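Read the structure below first, then the notes.
As the structure is a computational prediction, the values presented were derived from the model and not from experiment.
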Amino acid sequence: MTQLEILKKELGKPYFDLEFLLHCLKEVLEENHENELAASIPWLCENNHYNDVRFTRKHFHLFSIAFQLLNLVETNGAVQNRRKTEEEKSLTAINGLWANSLDLLKKNEVSEEQILETLSEIEVQPVLTAHPTEAKRPVVLKKYRELYLLLVKRENSMYNSFEREENRNEIKRVINAIWHIDEFYMEKPNVETELENVIHYFTHVFPEIVSINNRRLVQAWEYAGFDPHRLVDNNIYPQIRFGTWIGGDRDGHPFVTADVTRHTLQKLRLNSFLILKNELTKLGEDLSFYFRINQLPEGISERLKELIAENSDELKPIVAHNRKEAFKLYVSLLIAKLPVKIGREQSFELLDTPESYSNSKQLISDLEILKDGLYQLGKDSLVHNSVYHTIQLVKTFGFHMAELDVRQNSAYYEKALNQIVDESHLSSIDFEKGKSEIIQAELESNRPFIRDWSHLPTEAKSVLDCFAVLQQHYSKYSGAALGSLIISMTRNLDDLMTVYILAREAGLTHFEKTPVLKLHVVPLFETIDDLKASPKILEEYLSQPVVQNSLEYQRIARGRKRRIQEVMIGYSDSNKDGGILASTWYLYKAQKELTEVANKFDIDLKFFHGKGGSISRGAGPVHWFLRSLPNGTLSGKIKMTEQGETIEKKYANKINAAYNLELMVSGATLNTLLHKQNSEGNHVAAEIVEYLGHESKKIYTDLLHNKHFLEFFRQATPIDVIEQSKIGSRPSRRTGRQTFEDLRAIPWVFSWGQSRFHITSWYGVGSTLEKLKAEFPDKFQTLKELVRESQFVRYVLTNIDTSLASTDEEIMSLYAGLVKNDEVRNSILPLIINELEKTRLLMEELLRRPMEARRKNHFHSTALRAEALDILHKNQVNNLQKWRGMESASDAEKESMLNELLISVNAISNAMGTTG
């Protein structure tokens, strides 16, 4: 059997689905008179076919589409396998889903009562960001979503041959559209474009999958032998909220202005009413039964009269139309109170009137009155199936849809405050002497430094203009739309307290013994040094009276039982600093120690995990990630970034979106309860991983400090192309300086992945394991056992294993051939190859089985992709060599070659399923 025949057999139906789609693509190309391209489709032609083919932009585009088709069939295959497993084996058979989690809790002797009590504490918040890792344009993503649905439709056996042929024609129509659309951005997208993209998910995907998640919980609850009425009758479900950084993330992003933030808040608010109007309309239809107004129970009857009286003239048509359907009339009047104007063709615009709702709590209150009225008439099923569902969606999306976090760098805030102090002309203040003492003294006052901002320097004006927008929104509506003030690169207490002073300037504080900040200040600990310092910084921060008063104010404003402090931890920069094992250890240690600090102050810690789309930046199956968290660190509240192509991969298709959301919410519930049962964890595992972290950091940083390393990196990877790509609105460098420190972690990881080195997710592991085995053989043996016993150790090693599977020595050597200086290449490449060989050998010994056996699906999928990827890499290397040697070429020729390279970067990203 040939390699391809073996892969066909191993991959099964997904491969045959791929063949079907590729044949549709072939016909589309032939119909477009692209016969040479039709003969060049990967997997349909022999690899030696490409020996005589000169690759053009169209070839890269073709390969990019082919890999995206492979991604679609694999997603569909995974969905179908999950369905089959649940049907043929058990509802508990899929790791991480509700039934599996409840089964694990029962086996750990957690009672139904304990689970019920914890469910109401759970709050999960995915935060959609616009980091520059999504290489595909939104219009292309939409077409692929459409194609996926047509592929799923083919699974239905009820269609006859004529209907199946029509489905095939529809598939060809969509593929034809994709063929003609440029996949990559010709111009950098602006914030508005990125916002439109995530709003699609908020309005068209998440409302439905939140409901699916609740229904899956009820189904699993009953399957576990628990009483479903205890959930349904009391509407007890974990709280899901959404967040976003788009329009609020200013860290190194000069295009996020105060006006952009204002527009973002308005756009999110407007679209939340679109969700609520649709939901209330469906509710009204569910309650469209004949029932006279004078028969209504007293509570709802009184409220109905009040609603009609509020604006009787305008409401006359609604009342007249629904007078015989009292409950539908009630819901119609709630729709009329939404602060929007619905024009022709269902156009929406914000319109606040004295009669309209000012916040979502008022709408929930009216829905509770509706619930009580239906209960009094014995219509319990309508409450459970319709009214509660609407209340849940209002709680999830509110009048804001998603909380907007505002992130800025600590150095930027520091500069802004210095400028304000200089502008104030207060001669008694000298920040060069005793900055901390001056900040502390200022926190005892609520007076601003200055009132006229018009002549302030850029940084100060930008910060105050932004905070003023937040204050205006807070005072006009509420704080529900406003997330956290996140300070990236938090280095010390002053970085956090500076924000209190700046917020005071913009009116975001009021005075109660001390200034009270209305919004939540969140430190972001990113580098390894910052993670080490984080417990001390948090302790100093929580010791401040102004912080304690602010946390209490925020607790009351949010209606919480306990005070909560959010802390964000970054996976990207810690990895860039010290490599995969060091990053893993210091993140683990910081979470443990930060939780201990919060416990001293009787405060719940809410960790915000700043994870990216690649292994190096914290990616991994979310249910296993949650199982790997340090015991005792989950309070029931958790927040996670969803970045770039990860959003599309997880949420583009509703079936897959529901699965991924269920993994997150179910996992948060399961592990919160397990952490309550055992807050200590495995000290032996922590001790060994600490050793691995320390030792691997030395090996990794030795490579980074090698005098030839940066030159090798600049030439052996397409970093120069990636820095000129147009895949996100944000610059690839924080300040524009051409230094390693200033380079963002995303393009750093992206470039190593493109050239198949992936050193950011395994380098240093082999030598460290070799040293452990030689010097501490007993600990190496213990580590072998921990692979089976410790969720933390298994998660770390499995992620490294996944990255090793994508690392390819031949392709690495191909890119290394781009390094002009032989001494540079011969100094660095052997180091990397030797470390890779060690890592593979020792990982196999630890995991006890070869890659083909332990990661079967991943292994065969990688092998299939390699069939076509090798061709792309060879062509990309050739084009890189040409582009870098075009000093004397015209600007138009350079631009043409750059665009070809951008398409090849996109095609390789599609093939590997990840960028940065």
Side-chain angles (χ1 to χ4, degrees), residues 86 90-92 94-126 209-241 364 367-368 371-372 374-375 380-396 555 558-564 604-607 622-623 626-627 629 631-639 658 661-679:
E86 286 189 339
S90 162
L91 200 62
T92 63
I94 307 293
N95 279 320
L97 298 185
W98 276 118
N100 177 260
S101 292
L102 294 177
D103 187 54
L104 280 172
L105 288 170
K106 285 179 72 175
K107 286 175 180 173
N108 279 273
E109 298 182 345
V110 180
S111 69
E112 179 181 6
E113 199 63 46
Q114 288 172 299
I115 302 171
L116 270 174
E117 189 179 326
T118 300
L119 277 176
S120 59
E121 299 173 15
I122 302 298
E123 189 178 295
V124 173
Q125 189 173 27
I209 67 169
V210 166
S211 304
I212 291 171
N213 180 69
N214 289 344
R215 292 198 296 273
R216 290 272 301 175
L217 171 56
V218 174
Q219 188 180 41
W221 194 265
E222 193 165 12
Y223 193 85
F226 297 151
D227 180 4
H229 292 290
R230 300 190 71 183
L231 279 180
V232 176
D233 293 2
N234 300 297
N235 205 25
I236 297 177
Y237 298 103
Q239 182 62 58
I240 301 165
R241 301 185 193 279
I364 291 172
L367 288 169
E368 293 282 353
K371 173 203 77 175
D372 293 341
L374 288 168
Y375 263 145
D380 299 21
S381 63
L382 283 172
V383 172
H384 300 156
N385 294 314
S386 299
V387 181
Y388 274 157
H389 168 71
T390 304
I391 290 172
Q392 276 292 322
L393 280 188
V394 179
K395 285 181 177 179
T396 299
R555 180 192 73 78
R558 293 273 178 171
R560 300 191 188 279
K561 293 179 182 176
R562 291 176 53 78
R563 290 173 301 163
I564 292 172
D604 287 346
L605 217 53
K606 176 182 179 180
F607 280 108
V622 70
H623 52 307
L626 290 165
R627 292 297 304 273
L629 293 176
N631 282 45
T633 61
L634 259 176
S635 66
K637 313 286 190 293
I638 194 164
K639 195 169 169 182
L661 190 68
E662 184 175 343
L663 287 179
M664 195 183 295
V665 184
S666 165
T669 306
L670 167 69
N671 293 291
T672 296
L673 281 154
L674 293 180
H675 283 211
K676 285 181 178 180
Q677 222 179 36
N678 174 19
S679 62

- Minimum heavy-atom distance L634-A668, with the two atoms named: CD1-O, 4.4 Å

- Item | Contacts of K606 that satisfy side-chain contact (heavy atoms from CB on, under 4.5 Å) - sequence neighbours left out | E123, Q125, I564, E566, K637, K639

- Query: Who pairs with E117 by salt bridge (charged side-chain N to carboxylate O under 4.0 Å, His left out), at least two apart in sequence or on another chain?
  - Reply: none

- Item | Qualifying residues under side-chain contact (heavy atoms from CB on, under 4.5 Å), relative to E222, sequence neighbours excluded | P228

- From the options Q392, R216, H389, select the one residue that forms a side chain to side chain donor-acceptor pair (under 3.5 Å) with S211. H389

- Message: So L674 and L105, do their side chains get closer than 4.5 Å, heavy atoms only?
- Response: yes

- Item | Closest contact, heavy atoms only, A224 versus L102 | CB-CB, 4.2 Å

- Who are the side-chain contact (heavy atoms from CB on, under 4.5 Å) partners of S111, not counting sequence neighbours? E113, Q114

- Stepwise, does the side-chain contact (heavy atoms from CB on, under 4.5 Å) test hold for L382 with V387? CA-CA 7 Å; L382 283 172; V387 181; 5.6 Å; no

- Considering only heavy atoms from C-beta outward, does the side chain of L673 approach that of S101 to under 4.5 Å? no

- For A99 against L91, the heavy-atom pair lying closest together: CB-O, 3.2 Å

- Item | Flag side-chain contact, heavy atom, 4.5 Å: I115 against V110 | yes

- Of all heavy-atom pairs between I209 and A658, which one has the smallest distance, and what is that distance? CG2-N, 3.9 Å

- Message: With side-chain contact (heavy atoms from CB on, under 4.5 Å) as the criterion, how do D372 and V383 come out once you've worked through the C-alpha distance, each side chain's angles and the decisive distance to 0.1 Å?
- Response: CA-CA 9 Å; D372 293 341; V383 172; over 6 Å; no

- Are L119 and T669 close enough, and set up right, to give a side-chain contact (heavy atoms from CB on, under 4.5 Å), and what steps lead you there? CA-CA 7 Å; L119 277 176; T669 306; 3.8 Å; yes

- Taking atom types as modelled and ignoring hydrogens, do the side chains of T672 and T118 form a donor-acceptor contact shorter than 3.5 angstrom? no

- Note on the structure: Across all chains, not counting sequence neighbours, the salt bridge (charged side-chain N to carboxylate O under 4.0 Å, His left out) partners of K395 are none

- Given the rule in the side-chain contact (heavy atoms from CB on, under 4.5 Å) test, do V665 and Y237 qualify, once you have shown the distances and angles that lead to the verdict? CA-CA 10 Å; V665 184; Y237 298 103; over 6 Å; no

- Task: Identify, with sequence neighbours excluded, every residue that meets salt bridge (charged side-chain N to carboxylate O under 4.0 Å, His left out) alongside R215.
- Result: none

- Query: Tell me, do N213 and W98 make a side-chain contact under 4.5 Å, heavy atoms counted?
  - Reply: yes

- Message: Quick one: does any side-chain atom of N234 pair with a main-chain N or O of R230 as donor and acceptor, under 3.5 Å?
- Response: yes

- Query: What pairs with K561 under salt bridge (charged side-chain N to carboxylate O under 4.0 Å, His left out), at least two apart in sequence or on another chain?
  - Reply: none

- Can you run down the salt bridge (charged side-chain N to carboxylate O under 4.0 Å, His left out) pairs that involve residues 663-679, sequence neighbours left out, and say none if there aren't any? E121-K676

- Message: Please enumerate all residues that pass side chain to side chain donor-acceptor pair (under 3.5 Å) together with R627, with sequence neighbours excluded.
- Response: N671

- For W221, what residues pass the ring-ring contact (aromatic ring centres under 6.0 Å, His included) criterion, not counting sequence neighbours? F226

- Are any non-hydrogen side-chain atoms of I122 and I638 less than 4.5 angstrom apart? no

- Mind checking what makes side chain to side chain donor-acceptor pair (under 3.5 Å) contact with T390, not counting sequence neighbours? E279

- Task: Measure from the side-chain N and O atoms of H623 to the backbone N and O of G667, and report whether any donor-acceptor pair falls under 3.5 Å.
- Result: no

- Does the side chain of P238 reach to within under 4.5 Å of the side chain of L217, using non-hydrogen atoms? yes

- Query: Who are the side-chain contact (heavy atoms from CB on, under 4.5 Å) partners of D233, not counting sequence neighbours?
  - Reply: H229, H384

- Closest non-hydrogen contact found for N631 with N678 is ND2-O, 2.7 Å

